[in-house]
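Encoded as structure tokens, the structure appears first; notes follow it.
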Amino acid sequence: MPFTQDYKIYRYDGDFRGILKPGALLRYSQQIAGEHAAAIGITDELYARTHTAYVLAKLALHFDRAPHVDETLTVATEPEKLKRAVNRRVNTFYDEQGREVACVDSRWVLIDTERRIILRRHPEEFPTSCWAENVERELPMKMTKVPKDQCELLGCHRADYSRCDMNGHLNNTIYADLICDALPGEVWQTMTVQDMVITYHKEVPMGESLRLCRARLDENRWFFSGWNGETCNFEAEITLAPL
């Protein structure tokens with residue numbers, strides 16, 4: 001059965017129009033994943049004892065409509081058992097009338113924090129027997145990629161204190177904030193986010209920076225990538241829709 005939690009959309013999670021920011025929705029998504037894991041016994045103490053940590057590899061976000069501040073959303077999270085070293089987790093967001101407003105499909109890998117390798121099986125201590133064999137819901141993960149030399153360079157972003165998480169690197173939800181900030185300001189007068197796909201290639205440790213690149217794919221779609229030297233840290237595609 002899905003694990004559920006309610007989240008009120010606080011005003012600091014809304015944009016200048018009162019619409020929930022995509023990065024804030026991803027923070028709710030991250031929070032319920034952690035709460036569910038802790039509820040079944042996958043705690044910080046277990047991670048420390050087994051020298052493991054979950055790392056987000058990619059995600060897809062889809063909005064059916066734009067949620068607004070002061071709404072309360074019910075989030076249902078469904079994790080899928082390990083397959084080819086990947087755990088899927090699907091988080092579905094419902095409004096107070098029970099209608100779906102958004103969905104996040106995420107892919108996670110468990111790493112050995114000492115050897116810095118991906119684990120293809122969980123340690124025996126991990127209580128994952130209650131996870132689903134298959135989660136039927138799946139969002140498209142493909143994106144149209146643009147080479148760096150064909151993108152517009154927008155500038156650098158540091159992994160500063162307020163942007164980093166307990167792993168000591170740029171939090172995965174911050175990438176959505178950077179992408180939205182990097183869109184032309186006029187699009188927000190008439191548009192909102194419909195879809196976002198992000199692939200995380202390499203973390204940005206606290207104190208380091210990435211160069212953000214952008215390319216317009218068509219009227220309502222944009223491609224982004226972030227680079228540290230010749231290393232690509234992430235790639236993303238965002239699709240907008242009229243309000």
Side-chain angles (χ1 to χ4, degrees), residues 1-9 13 20-44 46-47 50 52-67 71-111 118-143 165-167 171-173 175-176 193-200 236-237 239:
M1 296 293 292
F3 178 87
T4 63
Q5 187 64 270
D6 291 343
Y7 294 99
K8 181 176 180 179
I9 302 176
D13 287 333
L20 176 64
K21 300 170 188 172
L25 183 112
L26 292 181
R27 284 184 271 281
Y28 301 159
S29 190
Q30 185 181 72
Q31 182 66 24
I32 194 172
E35 290 182 11
H36 179 225
I40 63 173
I42 304 177
T43 61
D44 289 342
L46 178 59
Y47 288 130
T50 57
T52 57
Y54 271 111
V55 177
L56 185 59
K58 61 175 62 176
L59 66 80
L61 162 63
H62 173 75
F63 282 103
D64 287 279
R65 72 164 177 85
E71 286 190 67
T72 296
L73 301 180
T74 298
V75 191
T77 187
E78 298 178 89
E80 187 178 86
K81 288 185 177 178
L82 190 69
K83 294 179 181 177
R84 296 185 297 276
V86 175
N87 279 123
R88 291 183 62 229
R89 183 178 285 272
V90 177
N91 296 336
T92 310
F93 295 72
Y94 301 93
D95 64 17
E96 293 168 87
Q97 289 72 46
R99 297 172 298 209
E100 184 176 324
V101 297
C103 182
V104 176
D105 183 353
S106 55
R107 313 293 167 89
W108 299 79
V109 293
L110 188 68
I111 65 168
I118 295 173
L119 299 176
R120 296 191 171 273
R121 60 180 59 136
H122 288 121
E124 292 184 3
E125 297 177 67
F126 271 57
T128 59
S129 60
C130 61
W131 292 13
E133 289 291 340
N134 291 289
V135 176
E136 295 300 323
R137 182 74 180 273
E138 187 170 359
L139 296 180
M141 292 274 181
K142 291 183 178 180
M143 70 175 75
D165 56 25
M166 293 170 61
N167 292 319
N171 183 261
N172 66 77
T173 68
Y175 293 83
V193 176
Q194 182 178 72
D195 292 285
M196 184 181 290
V197 178
I198 307 176
T199 299
Y200 303 91
E237 182 178 309
T239 303

Provide the closest heavy-atom pair for Val135 versus Arg88 in the form atom of the first, atom of the second, distance. O-NH1, 2.9 Å
Roughly how far apart are Ile9 CD1 and Glu71 CD, rounded to 0.5 Å? 5.0 Å
Is there side-chain contact between Leu110 and Pro123, with at least one heavy-atom pair below 4.5 Å? yes
Quick one, Ser106 and Asn172 - any side-chain contact, counting heavy atoms below 4.5 Å? no
Sub-4.5 Å side-chain heavy-atom contact between Trp131 and Ile40: yes
NZ (Lys81) and CG (Asn87) are apart, to the nearest 0.5 Å, by 11.0 Å
Any side-chain heavy atom of Phe126 within less than 4.5 Å of one from Arg121? no
So, using ring pair (Phe, Tyr, Trp, His ring centres under 6.0 Å) as the criterion, who are the partners of His36 when residues are at least two apart? Phe3
Can you tell whether the side chains of Arg99 and Asp64 come within less than 4.0 Å, N to carboxylate O? no
Determine the minimum heavy-atom distance between Phe93 and Val104, stating which atoms define it. CE1-CG2, 4.0 Å
side-chain contact (heavy atoms from CB on, under 4.5 Å) with Arg137: which residues, sequence neighbours excluded? Val90, Thr92, Glu100, Cys103, Leu139
Spacing of CG belonging to Leu59 relative to CD1 belonging to Ile198, to within rounding of 0.5 Å: 5.0 Å
Go through the structure and list residues passing ring pair (Phe, Tyr, Trp, His ring centres under 6.0 Å) with Tyr7, not counting sequence neighbours. Tyr28
Might you point out which heavy atoms bring Arg27 and Thr173 nearest each other, and give the distance in Å? NH1-OG1, 2.9 Å
Do other residues, nucleotides or ligands put more than 12 heavy atoms under 6.0 Å from the NZ atom of Lys83? yes
Under a 4.0 Å N-O cut-off, is there an ion pair linking Glu80 with Arg107? no
Spatial distance of atom CD1 (Ile111) from atom OH (Tyr54) [nearest 0.5 Å]: 11.5 Å
CA sep, side-chain torsions, deciding dist, call: Leu61, Leu25, side chain to side chain contact (heavy atoms under 4.5 Å, CB included): CA-CA 9 Å; Leu61 162 63; Leu25 183 112; 3.1 Å; yes
Taking only residues two or more places apart in sequence or in another chain, which ones pass side chain to side chain donor-acceptor pair (under 3.5 Å) with Lys8? none
Contact between Gln30 and Leu56 at the side-chain level, heavy atoms closer than 4.5 Å - yes or no? no
Going by heavy atoms in the side chains, are Asn91 and Ile32 under 4.5 Å from each other? yes
Those residues that, when tested against Tyr94, pass ring pair (Phe, Tyr, Trp, His ring centres under 6.0 Å) (two or more places apart): none
Atom CD of Glu124 with >12 non-hydrogen neighbours under 6.0 angstrom: no
Are Gln31 and Val75 close enough that some pair of their side-chain heavy atoms sits under 4.5 Å apart? no
Measuring only between side-chain heavy atoms, which start at C-beta, is Val197 closer than 4.5 Å to Lys58? no
What is the minimum heavy-atom distance between Pro22 and Val193, and which atoms define it? CG-CG2, 3.7 Å
CG (Asp105) and CD (Glu138) are apart, to the nearest 0.5 Å, by 6.0 Å
Could you pull out all residues at least two apart from Tyr47 that satisfy ring pair (Phe, Tyr, Trp, His ring centres under 6.0 Å)? none
Assess whether side chain to side chain contact (heavy atoms under 4.5 Å, CB included) is satisfied between Arg65 and Asp95, documenting all intermediate values. CA-CA 10 Å; Arg65 72 164 177 85; Asp95 64 17; 3.4 Å; yes
Ignoring hydrogens, what is the shortest heavy-atom contact between Ala236 and Met143? Give both atom names and the distance. N-SD, 3.8 Å
Can you tell me how far apart CD (Glu125) and OG1 (Thr52) are? Round to the nearest 0.5 Å. 9.0 Å
Heavy-atom closest contact (Val109 atom, Ala85 atom, distance): CG1-O, 3.4 Å
